[in-house]
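Working notes, beginning with the structure itself.
Keep in mind the model is a prediction, meaning the values are calculated, not measured. No hydrogens, no waters, no symmetry mates; every other heavy atom, side chains included, goes into these values.
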Amino acid sequence: PPAHSHSDWIGPPDKHSNLRPVIFHVPPEESALERRLREARQEAQACNQRFWARHNRAFRQEKEEFIYSRLKAKGLEMRDETGQKATLNAEEMAEFYKDFLNKNFRKHMQYNRDWYKRNFTITFLMGQVALARALRWLRWKKKNVEH
């Protein structure tokens with residue numbers, strides 16, 4: 001982002017995680033509390049990026065293996081006679097999705113717990129930053145009224 005920007009910048013979805021990366025704005029006079037908030041947000045973004053990139057990679061690989069094994073069991077190839085990629089019907093794919101979710105249930109539960117912890121911390125820090133800014137503004141306003 002340009003130096004004069006006062007906002008976070010959001011990029012296009014990442015090809016592995018499907019999450020949109022954020023470049024966080026760093027104010028020139030960032031307080032220690034504001035820095036803690038920004039760093040907590042950056043760490044949350046990095047954790048989400050890692051989790052979803054790994055999850056999506058595993059999903060795609062296991063899906064391809066499932067499709068391959070089902071087609072092979074039917075005596076079919078991965079591509080039909082026209083060169084199109086062979087597919088399974090919705091019921092067969094629903095079986096894969098159900099199995100994948102069941103197999104990864106604990107990972108998702110742990111991710112959700114971590115996500116809630118991180119977001120609680122971020123929300124708490126946001127409240128502290130908002131309060132500190134309000135107090136700073138009130139002190140500035142009081143000082144300017146007295147003069």
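The two residues E29 and E34 have their closest heavy-atom pair at O-OE1, 4.0 Å. Taking all atoms of both residues into account, the shortest heavy-atom contact from P13 to R20 is CD-NH1, 3.6 Å. For the residue pair E62 and F100, the shortest heavy atom distance occurs at OE1-CD1, 3.3 Å. When every heavy atom of N89 is checked against every heavy atom of E91, the shortest pair comes out as OD1-N, 3.0 Å. Minimum heavy-atom separation, L33 to A132: CD2-CB, 4.4 Å. Nearest heavy atoms, L88 versus E92: CB-OE1, 3.4 Å.
One hydrophobic cluster, built from ILVMFWY side chains closer than 4.5 Å, cannot hold both F124 and L131; they sit in different ones. No path of Ile, Leu, Val, Met, Phe, Trp and Tyr side chains, each step under 4.5 Å between heavy atoms, connects F51 with I122, placing them in separate hydrophobic clusters. Hydrophobic clustering (ILVMFWY, side-chain heavy atoms < 4.5 Å, transitive): L37 and I10 are in distinct clusters.
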Steps toward side-chain contact (heavy atoms from CB on, under 4.5 Å) verdict (M93, I67)
CA-CA 8 Å; M93 290 310 299; I67 292 170; 4.0 Å; yes

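The number of heavy-atom neighbours closer than 6.0 Å to OH of Y97, taken from other residues, nucleotides and ligands shown, is above 12. Within 6.0 Å of CZ on F24 lie more than 12 heavy atoms contributed by other residues, nucleotides or ligands. Heavy-atom neighbours of K72 NZ from other residues, nucleotides or ligands within 6.0 Å: at or below the threshold of 12. Within 6.0 Å of CE on M78 lie more than 12 heavy atoms contributed by other residues, nucleotides or ligands.
When each of E65, K63, R57 is paired with Q61, the side chain to side chain donor-acceptor pair (under 3.5 Å) condition holds for E65 and for no other.
Here the CZ-NZ distance, from R54 to K107, works out to 8.5 Å after rounding to the nearest 0.5 Å. Note: F120 CZ to W115 CH2 = 13.5 Å, rounded to the nearest 0.5 Å. Taking CD from E30 and CD from E39, the interatomic distance works out to 7.5 Å, rounded to the nearest 0.5 Å. Rounded to the nearest 0.5 Å, atoms CZ (R36) and OG1 (T121) are 9.0 Å apart. Rounding to the nearest 0.5 Å places CZ of R35 at 11.0 Å from CD of Q42. Rounding to the nearest 0.5 Å places OG of S17 at 11.5 Å from CZ of R50.
With a 4.5 Å cut-off on side-chain heavy atoms, N56 and H16 do not count as touching.
Remark: the Q49 side chain and the Q45 side chain contain no N/O donor-acceptor pair separated by less than 3.5 Å. Side-chain contact, R106 with Q110: no donor N or O sits under 3.5 Å from an acceptor N or O.
Judged by distance alone, the side chain of H108 and the main-chain N or O of L101 form no donor-acceptor pair under 3.5 Å.
The aromatic ring centroids of F59 and F66 lie 6.0 Å or more from each other.
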